[in-house]
Amino acid sequence: MAVSVLVLQEWRRYKSQVLGMIFFNSGCFLIPYLICLVLAGAPILILEVSLGQFTSQGGITAWRICPLFKGIGYASVVIVQYINIYYNVILGWAFFYMFASFTSELPWSHCNNPWNTPRCFDLSGAGHDNSSVTNSTSTSGFNSTLASILVSNVTRNVSASQEYLERRVLRLTNGLDEPGKVNWDLALCLLLAWIICYLCVWKGVKSTGRVVYFTATFPYLLLTIIMFRAVTLPGATEGIKFYLNPDFSRLSDGQVWLDAGTQVFFSYSIGLGTLIALGSFNKFKANCYRDCIIFACVNSGTSFYGGFVIFSVLGFMAQKQQVPVSKVVESGMRLYRLVAIYIVTTLV
């Protein structure tokens, strides 16, 4: 079970459930999520682990038990490769922020940078000197039209952390027709992420097991430390209220149920072959039923626990921008990155 709480797995299940709660009015999402978990997620979890334990084979060769389905094994390997690429990109961003934090003043905590726009504001509520912005943005290599992407539907202000992400780290362009230049600093961070992942697994399961002693426990320690800081932020109470007060009228929305099932399958790595591979390392008579139940409780419990951190910070961000929690930032992966940046900024 320890392998399941590696850093990438933490990010995946932590992100998926809490983002669903945000998009579908918080606590309401828990009801279809739990129903899908009990009726589909947990049973298939037990099935895949049991299959791997019984056959002692990986995600491809385990399907020799039924040759008709051997294509599932090959398809799952292809999907996992794409997911690995995706999450190593996220690790690359994390390394970028880590290196950028080795300064006396975090670059995303203020608006006195060349990439900031006149609409920038920092955590103290202070803005940017418009004259300096005009001069800096006119000579900057960043695309000035990106400011329109960063504007919320309910406010014209843009946080310093959001501008740092969009205009400094990612350096987004207007679309696929404008590929832009290679961000060599970010590309080197991505290379470092791949090298570290290789070093963690190059000697097989034994080397991975040693790494897990740290990666399985440190995220919980870090999450707890951040939670105690987050709940003390101004506006955190409103964020937690939004988190725990469900809107039951949303249960009639079929999209809520569809996304709940999607989150369960994705956060539990169902259908990817990883559970079969992990189960193959169990002893033949190991109690996999007990392990799967513990895994399910830890998995979903971590998401619920982490929700207090996320919504506390969302409440803080909403108070700073003077908008409702539900409108604080745009949806998607951008939300999670911005919340993480806010957390780091408030800790220093």
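What you see is a predicted model; the values in this text were computed from it and never measured.
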Do the ring planes of Y164 and F96 sit parallel (below 30°), tilted (30 to 60°) or perpendicular (above 60°)?
tilted
Are L278 and I276 linked, directly or through intermediate hydrophobic residues, by side-chain heavy-atom contacts shorter than 4.5 Å (ILVMFWY only)?
no
Distance in Å, I83 CD1 paired with N88 CG, rounded so as to fall on 0.5 Å steps
12.0 Å
Intermediate values then yes/no, side chain to side chain contact (heavy atoms under 4.5 Å, CB included), S269 and L45
CA-CA 9 Å; S269 300; L45 168 67; over 6 Å; no
Calculate, to the nearest 0.5 Å, the distance between atoms CD1 and CD1 belonging to I270 and I44 respectively.
5.0 Å
Any side-chain heavy-atom pair of W93 and C189 under 4.5 Å:
no
Side chain to side chain donor-acceptor pair (under 3.5 Å) contacts in which one or both residues fall within residues 69-82, not counting sequence neighbours:
none
Please answer whether the main-chain N or O of Q162 pairs with a side-chain N or O of W108 as donor and acceptor at a distance below 3.5 Å.
no
Residues in ring pair (Phe, Tyr, Trp, His ring centres under 6.0 Å) with F218, at least two apart?
F214
T237 vs F242, side chain to side chain contact (heavy atoms under 4.5 Å, CB included): CA-CA, chis, key distance, verdict
CA-CA 9 Å; T237 303; F242 181 85; over 6 Å; no
Give the intermediate values and the outcome of side-chain hydrogen bond (donor to acceptor under 3.5 Å, both in side chains) for residues T302 and Y220.
CA-CA 8 Å; T302 301; Y220 291 102; 2.9 Å; yes
With side chains defined as the heavy atoms from C-beta onward, is the minimum distance between L106 and S101 less than 4.5 Å?
yes
Going only through I, L, V, M, F, W and Y residues with side-chain contacts under 4.5 Å, is there a path from L186 to L190?
yes
Find out if a path of hydrophobic residues (ILVMFWY) with successive side-chain heavy-atom gaps under 4.5 Å connects F304 to I240.
yes
Tell me, please, which residues at least two apart from I196 pass side-chain contact (heavy atoms from CB on, under 4.5 Å).
F95, L192, C200
Group every Ile, Leu, Val, Met, Phe, Trp and Tyr by side-chain heavy-atom contacts under 4.5 Å, then state whether W202 and I195 land in the same group.
yes
Beyond-backbone contact of T232 with S312, side-chain heavy atoms, under 4.5 angstrom
no
Let me confirm one number: the CG-CG distance from L37 to L30, rounded to the nearest 0.5 Å.
11.0 Å
Hits for side-chain contact (heavy atoms from CB on, under 4.5 Å) against L258, two or more places apart or cross-chain, chain-then-number order -> Q255
What pairs with T103 under side chain to side chain donor-acceptor pair (under 3.5 Å), at least two apart in sequence or on another chain?
none
We want to know whether S300 and Y33 form a side-chain donor-acceptor pair, criterion being a heavy-atom distance below 3.5 angstrom.
yes
Heavy atoms, side chains only, cut-off 4.5 Å: are T274 and V80 in contact?
yes
Nearest-0.5 Å distance that lies between atom NZ in K283 and atom SG in C288:
14.5 Å
Between Y97 and F102, is the ring centre distance below 6.0 Å?
no
Restricting to ring pair (Phe, Tyr, Trp, His ring centres under 6.0 Å), what partner residues turn up for F265, sequence neighbours left out?
none
From I72 CD1 over to L272 CG, what is the distance, rounded to the nearest 0.5 angstrom?
12.0 Å
Among all residues two or more places apart in sequence or in another chain, which pass the side chain to side chain donor-acceptor pair (under 3.5 Å) test with T262?
none
Looking at residues at least two apart in the chain, or sitting in another chain, which of them share a side-chain contact (heavy atoms from CB on, under 4.5 Å) with T224?
F228, Y305
Who are the side chain to side chain donor-acceptor pair (under 3.5 Å) partners of N183, not counting sequence neighbours?
none
Which residue pairs pass the side chain to side chain donor-acceptor pair (under 3.5 Å) test when at least one of the two sits in residues 50-69, sequence neighbours left out?
Q53-N282, Q57-T61
What distance separates I85 CD1 from I90 CD1, expressed to the nearest 0.5 Å?
13.0 Å
Check whether Y289 and I294 end up in the same hydrophobic cluster, where Ile, Leu, Val, Met, Phe, Trp and Tyr are linked by side-chain heavy atoms less than 4.5 Å apart.
no
For the backbone of R168 and the side chain of R171, can you confirm whether one donor and one acceptor N or O come within less than 3.5 Å of each other?
yes
Decide side chain to side chain contact (heavy atoms under 4.5 Å, CB included) for E238 and Q319; before the verdict, give the C-alpha distance in whole Å, the side-chain angles of both, and the deciding distance to 0.1 Å.
CA-CA 9 Å; E238 294 301 318; Q319 186 184 78; over 6 Å; no
Parallel under 30°, tilted from 30 to 60°, perpendicular over 60°: which one fits the rings of F54 and F284?
tilted
Is the side chain of N287 donor-acceptor paired with the backbone N or O of R290 at a distance under 3.5 Å, no angle test?
yes
Evaluation steps, side chain to side chain contact (heavy atoms under 4.5 Å, CB included), between I31 and F248:
CA-CA 9 Å; I31 298 175; F248 292 103; 3.5 Å; yes
Tell me whether N299 contacts the main-chain N or O of F295 through its side chain, where contact means a donor paired with an acceptor under 3.5 Å.
no
side-chain contact (heavy atoms from CB on, under 4.5 Å) filter on V182, not counting sequence neighbours, yields W184, A187
